[in-house]
Amino acid sequence: MGNAWALYADPEGTPHPLKGPSFDPLYGFPNGRKERVMIATQEEMESARLPLEDRDFCAHLLLKYRACRADRAPWLWQCEHQKHEYLHCEYEDYILRMKEFERERRLRQRKKRIEAKAGHQEMLGA
């Protein structure tokens, strides 16, 4: 594994977590990628007063979970299935975001290696 210091040892090679990808998202995927689609609409999330941090690709499951809690109170144990679906979606989303971060980091390191090798070749040739 490693630790957090390994990520920050090379600031040029580490992508900023709040900025978008700097490489083509389809690079390395010859058959393309499945596009992620928001199921919950903006109006649904606003009417349910979802906080901004909860308005992600799992918002539709959170809305179902909250509706179940409102319908079944005080027997909230009956909503365990909806809770599990929502938390599983959040986990899968987290894994996907970490894979994208790691992909971006590795592509940056690869680009840096290629540029260093090209620079070394120029020095030898000049």
Side-chain angles (χ1 to χ4, degrees):
M1 293 289 293
N3 58 24
W5 293 111
L7 289 177
Y8 298 106
D10 181 21
E12 295 88 26
T14 303
H16 192 278
L18 299 178
K19 294 184 180 174
S22 57
F23 295 94
D24 179 20
L26 297 177
Y27 178 72
F29 294 93
N31 299 328
R33 299 173 83 175
K34 183 179 176 185
E35 183 179 353
R36 297 184 76 192
V37 180
M38 271 300 282
I39 297 174
T41 64
Q42 191 69 25
E43 293 79 26
E44 289 174 337
M45 293 186 287
E46 286 174 2
S47 67
R49 296 183 180 168
L50 276 184
L52 291 177
E53 62 266 13
D54 290 335
R55 296 181 186 191
D56 56 7
F57 289 101
C58 301
H60 64 288
L61 295 173
L62 180 59
L63 293 175
K64 280 190 353 186
Y65 175 54
R66 284 183 162 191
C68 178
R69 287 178 57 93
D71 293 342
R72 307 279 170 103
W75 297 282
L76 300 180
W77 58 268
Q78 295 177 350
C79 300
E80 285 297 314
H81 180 68
Q82 288 83 358
K83 180 180 179 182
H84 176 74
E85 280 183 330
Y86 169 66
L87 292 177
H88 182 71
C89 180
E90 285 288 318
Y91 173 74
E92 292 295 324
D93 183 56
Y94 172 78
I95 294 295
L96 185 62
R97 285 185 286 119
M98 291 301 106
K99 286 180 178 180
E100 287 296 320
F101 181 86
E102 183 66 19
R103 176 181 180 269
E104 181 77 16
R105 189 179 70 80
R106 289 181 185 211
L107 285 173
R108 285 176 178 235
Q109 289 177 346
R110 179 179 180 265
K111 180 181 175 185
K112 191 175 175 183
R113 280 194 315 267
I114 291 171
E115 289 172 354
K117 187 176 181 180
H120 183 69
Q121 293 295 331
E122 287 179 10
M123 285 178 44
L124 292 176

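Position 1 is the first residue of the sequence; numbering continues from there. Small disclaimer: the values here were computed from a predicted structure and weren't measured.
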For a quick test of your reading: what N or O donor-acceptor pairs under 3.5 Å do the side chains of residues 73-81 make, sequence neighbours left out?
residue, atom, partner, partner atom, Å
His81, NE2, Glu85, OE2, 3.4

Let me have the donor-acceptor pairs involving side chains of residues 86-101, under 3.5 Å, with sequence neighbours excluded, atom names and distances please.
residue, atom, partner, partner atom, Å
Asp93, OD1, Arg36, NH1, 2.9
Asp93, OD1, Arg36, NH2, 2.7
Asp93, OD2, Arg97, NE, 3.2
Glu100, OE2, Arg33, NH1, 3.4
Glu100, OE2, Arg33, NH2, 2.2

Should Lys112 and Arg108 count as side-chain neighbours, where that means a heavy-atom distance under 4.5 Å?
no
Below 4.5 Å, heavy atoms only, C-beta onward: do Gln82 and Arg66 meet side chain to side chain?
no
Please give me the minimum heavy-atom distance between Tyr27 and Arg103, naming the atom from each residue.
O-NH2, 2.6 Å
With a 6.0 Å cut-off (strictly less than), is the heavy-atom count around CD of Glu53, excluding the residue itself, greater than 12?
yes
Can you tell me how far CE of Met45 sits from CG of Asp56, rounded to the nearest 0.5 angstrom?
9.0 Å
Rounded to the nearest 0.5 Å, what separation is found between the CG atom of Leu62 and the CZ atom of Arg55?
11.0 Å
